[in-house]
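What follows is one structure encoded as structure tokens, with my remarks underneath.
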Amino acid sequence: MKQSATAAGIGAVTHSAAAVDAGGAKPPAAATSSNAAASATPASVNQAVPAVATRPAVQVVPAAAPQPAPTGAEDSAEEPGPEPLEPGTSMVAEDASEQAEATRDAVEAESAELEELRALEGAALDPASRSTAEVMQSLRRLGLANPLRMRMLDALDEHTFREDEELPEIPLITDLATFDVSQIQDRYDIPVEMQPLVAQYVQFFQGPGRRWFRKWMSRAARYVPVMHPILEQYGLPKDTVYLAMIESGFSAHAYSWAHAAGPWQFISSTGKQYGLKQDFWVDERRDPIKATHAAAAYLKDLKRELGHWYLAWAGYNTGSGRVRRMVARHGTTDFWLLSEERGLAKETKHYVPKLIAAALVAKHPAAFGFKEDEFDPEPVLDFDEVQLTDAADLDVLARAAGVSVKAVQDLNPELKRWCTPPATARKPYTLRLPKGTATRFADNYKRLSAAERLTFRIHKVKRGDTLSQIAEKYGSASEAILQMNQLKSAHRLRVGGELVIPIPAGKKSGGALATKVAQARRSGVVVRPEDEVPAGTPKGPVAAGPVKKETINGRTRVTYGVMSGDSLWVIANKFNVSVDAMKKWNNLKRRNPTLQVGSTLFIWPEGTAATASVQERGGTVLAKHTVSATRPAGKAGKVHALAEGETLWSVAQRYGVSVDDIMKWNKIKDHRTLPTGKVLRLSAP
């Protein structure tokens with residue numbers, strides 16, 4: 001349960017993750033994921049974004065992560081009410097459908113109490129009856145403080161139902177073949193049994209998969225306490241949390257070959273069906289809290305449709321339609337019998353036993369041979385929340401909160417960029433910050449000047465674009481763009497892809513961009529224009545240089561493959577022809593056409609300029625050509641006037657020197673600002 005607090009001078013509002021009511025949702029036919037983690041088996045052991053306001057507004061919502069506390073409706077009366085909203089803050093009322101859903105939820109909750117009471121009567125009245133996982137689940141759902149639960153506990157007087165009493169440790173299990181799993185079934189609220197594949201997976205986690213299981217357990221300490229209350233909220237067994245363990249190892253950034261993402265490994269379509277937003281800015285499949293709400297709703301639907309948890313888990317992996325058809329074809333709902341038939345993938349047949357094995361070992365690691373010092377538990381997910389009313393740079397947000405950017409990113413794994421999405425006062429973006437930093441953040445953030453801030457634009461990559469060209473167009477910097485979009489390399493840009501471009505918010509805010517560039521370079525981000533490849537350039541060998549020479553109507557025509565660094569002016573000089581003639585021969589109507597590396601041009605040279613040797617290999621034409629034939633004669637100390645369309649790289653290639661040397665000899669600091677006509681020294685002074 002999150003608690004609200006108020007920062008000085010800033011209105012605070014309560015916030016809680018919206019629960020997904022999947023009661024009437026139609027279960028998808030597609031599988032949620034391919035489960036990359038499950039692949040190892042024992043056998044194989046130019047649109048604008050609203051600019052950032054000069055005086056940023058932020059609403060602070062310090063919040064603790066949800067704890068595995070009672071979920072009974074009566075507890076809500078103890079919560080403090082929301083603080084008054086500031087003047088001008090809008091409040092949206094619930095619509096009729098939401099009210100109707102709330103009513104249905106209340107009816108279901110009250111009906112569930114009666115059903116749970118009936119379920120427990122047999123256990124209470126029959127001393128010989130043994131407590132089951134279903135009975136324990138019923139008691140847990142009532143909540144620790146529920147009077148009905150307490151009355152039933154008194155009537156049962158059964159110590160195994162009391163969660164406040166520690167259960168005795170399970171002794172070390174040395175022989176799985178003789179181990180009676182029924183001895184510990186009442187410690188789980190999911191059905192567990194020791195089938196041959198379950199035993200094999202237990203042995204796998206103990207042996208070849210041990211180092212991965214250690215990591216999963218360490219990560220579980222962070223997420224399980226947050227996920228348990230959400231699962232209980234939807235009426236799911238708490239031990240269902242181990243499905244996330246076998247799906248992703250509780251990793252927010254896990255991404256499978258089937259494009260499933262996040263701790264619960266949702267594919268895109270299923271994630272959207274259950275309310276997880278995926279756009280240019282965020283991928284909510286990666287958010288551990290939002291994704292758990294969606295997974296709980298989905299699993300609830302699967303259990304309602306397929307009738308048994310084993311089938312629901314199998315449906316989560318392969319799709320409910322396939323499981324439903326298997327049940328109809330073979331006339332049984334017994335997962336173990338179905339797994340012996342043809343129709344289910346091997347991964348799905350292994351999915352249920354793997355989950356059971358993970359639950360067995362994870363809840364009682366010592367009994368299965370794991371020592372406490374093998375794990376390095378991560379701290380429980382705990383955070384404050386602030387509401388932003390504009391897009392903001394993560395670096396600026398982190399500095400305002402006095403924390404690292406990584407700390408902000410770890411709490412907000414849904415963010416795909418180095419900034420938050422566009423937002424307004426009406427539709428703010430909720431950002432998580434480390435616990436206890438919200439008030440400091442609010443005080444610092446509202447004092448930020450325009451010079452410390454950036455605004456953002458969206459650029460859609462076109463064929464021929466390079467990062468340097470895009471940066472120059474917007475008055476930005478290549479390194480800042482690379483980091484803002486979390487790209488590893490500027491070598492290739494995807495045609496049609498979108499980039500967020502950081503731009504100074506005003507004339508005096510160039511310092512913010514310079515800070516961003518310096519930060520990027522400190523982290524190892526360096527962009528060398530000479531290494532860039534225009535977007536849309538084909539991969540692999542391409543036509544390069546003079547690739548074909550033929551005689552047409554008594555004249556020589558050369559087919560030339562455009563190389564990196566080429567311009568019309570450079571190519572024209574190679575063949576001693578004019579730029580205008582080349583434009584005419586190739587129907588290039590634009591004043592300054594962009595050449596694509598690997599594309600071909602027709603050239604009709606005069607004299608002997610086209611005497612390059614040509615080599616053709618399997619349809620891909622390569623060429624051997626000597627630069628000496630195109631390099632101007634002259635002694636050391638030669639100078640060169642920069643022509644339109646030329647780059648330092650093309651000049652360096654032409655004269656056989658390096659770009660770094662040209663920049664050093666001519667004291668050039670920024671290669672992007674060189675004017676046409678600038679005279680370059682091509683040797684050391």
Side-chain angles (χ1 to χ4, degrees), residues 2 5 7 10 52 56 58-65 215 218-219 221-223 225-226 250-254 262-263 281-284 286-290 376-388 390-421 423 429-449 451-454 456 477 479-488 500 502 509 511-526:
K2 300 187 178 71
I10 298 179
V52 180
V58 57
Q59 293 178 317
V60 182
V61 189
K215 186 179 295 185
S218 300
R219 212 179 281 140
R222 179 172 178 80
Y223 294 112
V226 178
F250 293 114
S251 171
H253 296 284
W281 302 97
V282 299
D283 186 347
E284 291 182 345
R286 304 193 309 207
D287 185 277
I289 295 177
K290 295 175 183 176
D376 183 18
E378 297 183 9
V380 177
L381 183 64
D382 203 3
F383 52 85
D384 290 344
E385 289 181 342
V386 296
Q387 293 188 337
L388 305 178
D390 47 33
D393 180 4
L394 294 189
D395 181 56
V396 173
L397 296 173
R399 283 189 283 115
V403 299
S404 67
V405 173
K406 185 178 185 304
V408 178
Q409 290 174 320
D410 286 347
L411 289 172
N412 300 274
E414 69 175 33
L415 292 175
K416 294 167 66 176
R417 313 289 160 182
W418 198 274
C419 60
T420 59
Y429 177 74
T430 301
L431 180 79
R432 296 177 190 142
L433 293 174
K435 185 69 177 175
T437 63
T439 301
R440 176 173 51 195
F441 169 81
D443 292 340
N444 292 336
Y445 193 64
K446 67 185 178 183
R447 287 198 290 264
L448 287 176
S449 65
E452 299 177 84
R453 311 181 70 242
L454 297 168
F456 306 97
E479 291 87 350
I481 297 174
L482 202 66
Q483 188 187 50
M484 189 66 65
N485 293 275
Q486 299 188 18
L487 298 176
K488 294 181 180 179
V500 57
S509 58
L513 185 63
T515 300
K516 177 60 64 180
V517 172
Q519 180 194 51
R521 288 176 176 169
R522 283 196 303 271
S523 64
V525 176
V526 179

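Here the structure is a predicted model, which means the values were calculated and not measured.
- Checked against D393 for a side chain to side chain contact (heavy atoms under 4.5 Å, CB included), the options M484, R417, R399 give a single hit: M484.
- Partners of R219 under the side-chain hydrogen bond (donor to acceptor under 3.5 Å, both in side chains) rule, at least two apart in sequence or in another chain, do not exist in this structure.
- Between the R222 side chain and the P379 main chain, a donor and an acceptor come within less than 3.5 Å of each other.
- Within the 4.5 Å cutoff, no side-chain heavy atoms of V226 are placed close to those of P288.
- In terms of heavy atoms, L513 sits closest to A477 at CD2-N, 4.2 Å.
- The side-chain hydrogen bond (donor to acceptor under 3.5 Å, both in side chains) search around N412 returns none, not counting sequence neighbours.
- Applying the side chain to side chain contact (heavy atoms under 4.5 Å, CB included) criterion to N444, with sequence neighbours excluded, gives A400, R440, R447.
- Under the side-chain hydrogen bond (donor to acceptor under 3.5 Å, both in side chains) criterion, E284 pairs with K290, not counting sequence neighbours.
- Looking at heavy atoms from C-beta onward, L448 lies in side-chain contact with Y445 at the 4.5 angstrom threshold.
- Of all non-hydrogen atoms in D395 and W418, the two that sit nearest each other are N-NE1, 3.7 Å.
- Taking the salt bridge (Lys or Arg N to Asp or Glu O under 4.0 Å) definition, one finds that D410 meets it with K406, sequence neighbours left out.
- Judged by distance alone, with hydrogens and angles left aside, the side-chain atoms of D382 form no donor-acceptor pair with the main-chain N or O of K435 at under 3.5 Å.
- The number of heavy atoms from other shown groups lying within 6.0 Å of NZ (K215) does not exceed 12.
- Rounding to the nearest 0.5 angstrom, the gap separating the CZ atom in F441 from the CG atom in L431 is 6.5 Å.
- Nearest approach of Y223 to F250, heavy atoms of both residues: CE1-O, 3.4 Å.
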Exercise for review: For the pair D283 and E414, evaluate side-chain contact (heavy atoms from CB on, under 4.5 Å) and give the outcome as yes or no after the intermediate values.
Suggested key: CA-CA 5 Å; D283 186 347; E414 69 175 33; 5.7 Å; no
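- Under the 4.5 Å side-chain criterion, counting only non-hydrogen atoms from C-beta, C419 is in contact with W281.
- Across all their heavy atoms, D384 and P434 have their closest contact at OD2-O, 3.9 Å.
- Here the shortest heavy-atom pairing between L397 and L388 reads CD1-CD1, 3.9 Å.
- Between E378 and A221 the shortest heavy-atom distance is O-CB, 3.6 Å.
- Taking 4.5 Å as the limit, some side-chain heavy atom of P502 sits within range of a side-chain heavy atom of I481.
- Put simply, the side chain of P421 reaches to within 4.5 Å of the side chain of L415, judged on heavy atoms.
- To the nearest 0.5 Å, the span separating CD1 on I289 from CZ on R432 amounts to 4.0 Å.
- Residues T420 and V282 form no side-chain contact, since every pair of their non-hydrogen atoms from C-beta on lies 4.5 Å or further apart.
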